[in-house]
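Just so it is clear, the structure is predicted and the values come from calculations on it, not from any experiment. In the text below, chain A, chain B and the rest are named by the order of the sequence lines, each starting its count at 1.
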Amino acid sequence: MRTHLCGELDESNVGEQVTVAGWVNRRREHSQHLAFVDLRDHSGIVQCVVDNTVDVRSEYVVKVSGTVTRRPEGTANESLATGQIEITEATVEVLSAAEPPPFPLDERADEVDEMVRLRYRYLDLRRERMQRNLRIHSQVNAAIRAAMVRQGFVEVETPMLMPTTPEGAREFVVPSRQQPGSFYALPQSPQLYKQLLMVGGLDRYFQIARCLRDEDLRADRQYEFMQLDMEMSFVDVDDVLAAVEESVLDAAEAVTGVRPDAVPRIAWHDAMNRFGTDKPDLRFELELIELTDVFAETEFKAFASAGAIKGLNARGAAADWGRNKLDGLTDTAKSFGAKGMVWMKVGAEGDDGVLVLDSPVAKFLSDTERKSLVERTAAEPGDLLLLIADEWHTTCEVLGELRNRLGRPPVNEGPYRYLWVVDFPMFVGVDDATGRPKPGHHPFCHPHPEDIPKLESDPMSVRAWAYDLVLNGWELGSGSIRIHDRELQKRVFAVLGVEDDEAEARFGFFLNPFRYGAPPHGGFAYGMERLVAILAGEENIREIIAFPKPQSGLDPMTGAPTEIDPDQLAELGVRVLPPIE
RNA sequence: GGUCCCGUAGUGCAGUCUGGAGUGCACGCCGCCCUGUCAAGGCGGAGGUCGCGAGUUCAAAUCUCGUCGGGACCGCCA
C-alpha cells in the first residue's frame, strides 16, 4: 500500500515517486490552489503540497502519492527531520474520514485531563509521547528476554487460573462454571509455580508474567502489571543477583545507549541507618547522622527516653525554611509516626566559640551536647538540622521521609542508580492475633546460614537470604533463596506458629512436592512497568501502559467493570447481594 | 477507611478570596479570503446544566453543607 514511511524520507529520495499513508497532522490553506498537508505516521511527519480543493481535515486517514522534491530555497524547516523535502504533485486518497479529535494530539495533550486522555486512549496513543513510551516498553521487554535466554533461562508460562492462597495481596477471583460455588484466583504472582518448576528440573525459568492484585491503585501500582519473574536452581545469592543485574543493565542500555555501573549492595540495616528506608535513592548525598550517643546523658525529656536519636543536616537550607514550612515539615514527620521533630538553624559562632543553634529547644541542651552536635553534623552557619528521637525503626523511617522531601529529585530524572538491598530481616513485627513473628518476605524464604542457630532463641535478629532491587528510590522488585530442606521449613513454621497440620492444609500442595527431591533454588521478580517508566522518564506507570486504569479501577474507555446478565450469574452459581450500607 | 488538592465552551485557562446579567482569553471547530506555509495569516460565526443537589441571600460560578468524578499520599500492596 505504501512505499515509504513518512519520517524516513530525506534528500536521498529526491526525484522518487513515493506513496505514504497516515493521518493528517495539520492542514495549512494558502489559496484556492495551494495547501500544505502534514502527513503523520509512527515514524514522523512529512509535508505534502496539495491542491486546496482536496477535502482532508485533521486526523483523516489518507494515502498520498507524489514526487519527493527538494523544498524551494528558504522554505526548509530545520525543526523537522524531513524538513529539507516535501511531496509534490501529490494525489490524495481519503481512506477514512475523521471527526475532529476531542483534544489536541500534540504535546499540548500533556496538559489535558487524564480522564479525557484515557476515555479516548486510542487517540492519545497516536501522540509522539505515547508512541515513544510503548516502543521503549517493547525494547525493554526484548532486551530482558534476550538477556534471560542468553543466560540459559527457559521461558515457561504458568496458569492464570489458580487456587486462592491465604497469604499476601487481596486476590481477584473467578467463579467456576463446572464447580458452582468454587472459585479460581488470578495470580498475584507465579511464585508457587516457579518453585515447582525448579522441583521439575527446569533449572532456570523466567517469564514476563502478568500479575493481578486487588489493592488500591497508585502512581506506581495498577491492578494488573507485568513482572520479570525468574527462578534458578543450585545457586547462591550472588548467582541470582548477577543474573537479574545483567537483565536490568541490558534494559537500561537498550533504552539510553549507556550501560549503568555495576549495582552496589547495601545491607538492609545499613540502608535504614544511613538513608532511613529500604529503598534509598542514591542520586543525592544527604545521609542520616547517628546522634544517640551525643544525647546519652541529656536532660531534655523528649530525647532522654528515646531508643535512637538521629538527624539530617540540610546544607545551607536554613534560609529556605521559615516557621510555617518547618511546622508543615513537623506535621509530615508526625504523619509518619514521629512524636515530634526538632529543627535547629545553625548561626554564627557564639561567645564560647561554638556555633549558635537557633531552635525552640536550644535552651534544653547542655554546652557539651551543643558542641558535640555541631561537631558530629559538621554544621556550618546557614545549615538546617532536623532531629528525630524515637524507637530506632521510627527514627530511621521518619528521617528517611524528611530526607526525600529535602533533597530528592523527581524519579524520572537521571542518572540511573540501581541498588541491591540485601540481608533483610527474616521476621518483621509481630502478628496481633497470634503474638508470633511475621515473615518479612514470605514463609519459604531461607534464613541466612550464620543466623540459623538463633532461629528459636532470637528470631527477630535473624537475617534472611532476601534481597530487593531499587532504582532511583523506587522498589523494582524482590527475591530470595528458598528453603529446600523440609526440616528447616518446619523450624521456620514453628517460629511463625504454624502447626504441622495447618502447614499441610495451607501449603501442602506446594510443599509436598519437596518430598521428592528439591534442588536448592532461589529467584527474583521485578515490576516491568516501574522499570520502563523510569527509563522512559515518566513519573507514572500509566504513561507507559497502553490501557491503564485510574485510581477508581473503573475503565473510562470500556466502562469495565459492568454488571452481568442474570442468566450468566445463574450459570456460575453466583448471587449478587445488595451493597453494604 | 483516612488526609490534602482539583472540577467554568471540544481542550487549556482567567474570573471564586471581596456575591451583582455566562464577563472573558487562547487553541480547536464552521464559513469566507489568501500562491511557500510549517502551532501559517486575515475577517466573520457557532459553541456554556460554571460536575450534581440542597441551603443562605433581593441576587450564587463565587459563601455553607452534602454528593459525584479525578489526582497525590497514608492505610493496604507477604
Novice: Base, sugar-phosphate or nothing for A/Glu86? Non-hydrogen atoms, less than 4.0 Å.
Specialist: base
Novice: Indicate whether A/Phe36 forms a stack on B/U37; treat it as stacked only if centroid distance is below 5.5 angstrom and interplanar angle below 30 degrees.
Specialist: yes
Novice: With sequence neighbours excluded, tell me which residues meet side chain to side chain donor-acceptor pair (under 3.5 Å) with A/Arg405.
Specialist: none
Novice: Could you work out the separation of B/G10 and B/C30 based on their P atoms and round it to a whole Å?
Specialist: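 About 15 Å, rounded to a whole number of Å.
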Novice: Please name the nucleotide paired to B/C76 by Watson-Crick or G-U wobble geometry with both distances under 3.5 Å, or report none.
Specialist: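 Across all strands, not a single nucleotide pairs with B/C76.
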Novice: What is the separation between atom CG on A/Asp113 and atom C1' on B/G51, rounded to the nearest whole Å?
Specialist: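 My rounded result for the distance is 12 Å.
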Novice: Write down the partner of B/C50 under the Watson-Crick or G-U wobble criteria, each distance required to be under 3.5 Å.
Specialist: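 Pair assignment: B/C50 / none.
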Novice: Describe the nucleic acid contact of A/Ala76 in one word from base, sugar-phosphate, nothing, applying a heavy-atom distance below 4.0 Å.
Specialist: base
Novice: Closest nucleotide of RNA chain B for A/Arg108 versus for A/Pro104: which of these residues is on the 5' side?
Specialist: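 Looking at the nearest nucleotide for each, A/Pro104 comes out on the 5' side.
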Novice: Just N and O in the side chain of A/Thr75: are any of them under 4.0 Å from OP1 or OP2 of B/G36?
Specialist: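 Answer no for this pair, as no side-chain N or O of A/Thr75 is under 4.0 Å from OP1 or OP2.
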Novice: Write down the distance between CG (A/Asn77) and C1' (B/A39), rounded to a whole number of angstrom.
Specialist: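 Rounding to the nearest Å, CG of A/Asn77 and C1' of B/A39 are 11 Å apart.
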Novice: Does A/Arg530 make a cation-pi contact with A/Phe225 (under 6.0 Å, within 45 degrees of the axis)?
Specialist: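 That pair does not qualify as a cation-pi contact.
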Novice: Taking the same atom, P, in B/C76 and in B/U57, what whole-Å distance lies between them?
Specialist: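 Straight-line distance between the two P atoms is 47 Å.
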Novice: Between B/C65 and B/U56, how many Å separate the two P atoms, rounded to a whole number?
Specialist: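 My reading of the P atoms in B/C65 and B/U56 gives 15 Å.
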Novice: Measure distances between side-chain N and O atoms of A/Arg71 and base N and O atoms of B/C38, and say whether any donor-acceptor pair falls under 3.5 Å.
Specialist: yes
Novice: Please measure how far the C1' atom in B/U16 lies from the corresponding atom in B/C63, and state the result in whole Å.
Specialist: 10 Å
Novice: Please give me the minimum heavy-atom distance between A/Gly7 and A/Asp41, naming the atom from each residue.
Specialist: N-OD1, 4.1 Å
Novice: Could you check which nucleotide pairs with B/C32 in any of the strands shown, counting Watson-Crick or G-U wobble with both distances under 3.5 Å?
Specialist: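 Paired with B/C32, as far as the under-3.5 Å criterion goes, is B/G42.
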Novice: When rounded to the nearest Å, what value does the distance between C1' atoms of B/A21 and B/C32 take?
Specialist: 33 Å
Novice: Using atom types as modelled, flag every donor-acceptor pair under 3.5 Å from a side chain in residues 419-430 of chain A to any protein atom, sequence neighbours excluded.
Specialist:
| residue | atom | partner | partner atom | Å |
| --- | --- | --- | --- | --- |
| A/Trp420 | NE1 | A/Glu245 | OE1 | 3.0 |

Novice: Whole Å only: how far is the CG atom of A/Leu554 from the C1' atom of B/G70?
Specialist: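 Between C1' of B/G70 and CG of A/Leu554: 11 Å.
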Novice: Using the P atom as the reference point in each nucleotide, state the distance between B/G70 and B/A26 in Å, no decimals.
Specialist: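 Approximately 33 Å lies between the P atom of B/G70 and that of B/A26.
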Novice: Using purine N1 to pyrimidine N3 plus N6-O4 or O6-N4 for Watson-Crick, or N1-O2 and O6-N3 for G-U wobble, both under 3.5 Å, which nucleotide pairs with B/C63?
Specialist: B/G55
Novice: Would you mind checking if A/Arg403 and A/Glu397 are paired as a salt bridge, meaning a charged N to carboxylate O distance below 4.0 Å?
Specialist: no
Novice: Under a 3.5 Å cut-off for both contacts, is B/A9 paired Watson-Crick or G-U wobble with anything, and if yes, with which nucleotide?
Specialist: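 B/A9 is paired with nothing.
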Novice: How many whole angstroms separate atom CD1 of A/Ile45 from atom C1' of B/U37?
Specialist: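 Nearest whole value for this atom pair: 14 Å.
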Novice: Counting only heavy atoms and a strict 4.0 angstrom limit, can you tell me which residues of residues 46-61 of chain A come near RNA chain B?
Specialist: A/Gln47, A/Asn52, A/Arg57, A/Ser58
Novice: What integer number of Å spans the C1' atoms of B/G28 and B/G47?
Specialist: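 Comparing C1' positions in B/G28 and B/G47 gives a spacing of 11 Å.
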Novice: Taking only the side-chain nitrogens and oxygens of A/Arg26, find out if one of them lies under 4.0 Å from OP1 or OP2 of B/A40.
Specialist: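 Yes, A/Arg26 has a side-chain N/O under 4.0 Å of OP1/OP2 on B/A40.
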Novice: Is A/Arg70 paired with A/Glu11 through a side-chain N to carboxylate O contact shorter than 4.0 Å?
Specialist: yes
Novice: Between protein and nucleotides 71-78 of chain B, map the contacts as a letter string: B base, S sugar-phosphate only, - none, heavy atoms under 4.0 Å, written 5' to 3'.
Specialist: BBBBBBBB
Novice: Could you tell me whether A/Glu171 and A/Arg213 make a salt bridge, using a distance below 4.0 angstrom between a side-chain N and a carboxylate O?
Specialist: no
Novice: In terms of heavy-atom contacts, does CD of A/Glu502 have more than 12 from other residues, nucleotides or ligands at under 6.0 Å?
Specialist: yes
Novice: Would you call A/Glu475 and A/Lys279 a salt bridge, taking side-chain N to carboxylate O under 4.0 Å as the test?
Specialist: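 So A/Glu475 does not pair with A/Lys279 through a salt bridge.
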Novice: Could you report the tightest heavy-atom contact between A/Val50 and A/Ala90, atom names first, then the distance?
Specialist: CG1-CB, 4.1 Å
Novice: So, is A/Arg28 close to the B/U37 phosphate, meaning a side-chain N or O under 4.0 Å from OP1 or OP2?
Specialist: no
Novice: Answer yes or no: is there an ion pair linking A/Asp124 with A/Arg119, defined by an N-O contact shorter than 4.0 Å?
Specialist: no
Novice: Considering only NZ, NE, NH1 and NH2 on the basic side and carboxylate oxygens on the acidic side, decide whether A/Asp229 and A/Lys194 come within less than 4.0 Å.
Specialist: yes
Novice: Is B/A14 paired to anything, Watson-Crick or G-U wobble with both distances less than 3.5 Å, and if yes, which nucleotide?
Specialist: B/U23
Novice: Whole Å only: how far is the CD atom of A/Gln32 from the P atom of B/C32?
Specialist: 11 Å
Novice: In whole angstrom, give the distance that lies between atom CG of A/Asp106 and atom C1' of B/A26.
Specialist: 14 Å
Novice: Identify the residue among A/His521, A/His446, A/Glu231 that makes a side-chain hydrogen bond (donor to acceptor under 3.5 Å, both in side chains) with A/Arg482.
Specialist: A/Glu231
Novice: Is a salt bridge present between A/Arg129 and A/Glu107, judged by a nitrogen-to-oxygen distance below 4.0 Å?
Specialist: no
Novice: Stacking check: are the rings of A/His30 and B/G36 less than 5.5 Å apart at their centres and under 30 degrees in tilt?
Specialist: no
Novice: Between B/G15 and B/G22, how far apart are the two C1' atoms, rounded to whole Å?
Specialist: 11 Å
Novice: Expressed as a whole number of angstroms, how long is the span from A/Asp327:CG to B/C4:P?
Specialist: 17 Å
Novice: May I have the distance from A/Lys334 (atom NZ) to B/U3 (atom P), rounded to whole angstrom?
Specialist: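 Value for this atom pair: 18 Å.
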Novice: Output every pair passing ring-ring contact (aromatic ring centres under 6.0 Å, His included) with a member in residues 18-41 of chain A, not counting sequence neighbours, ordered by first then second residue.
Specialist: A/His30-A/Phe36
Novice: Of A/Pro102 and A/Pro72, whose closest RNA chain B nucleotide lies nearer the 5' terminus?
Specialist: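 On the 5' side of the pair lies A/Pro102.
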Novice: Nucleotides 43-46 of chain B: which of its N/O atoms have a protein N/O under 3.5 Å away?
Specialist:
none

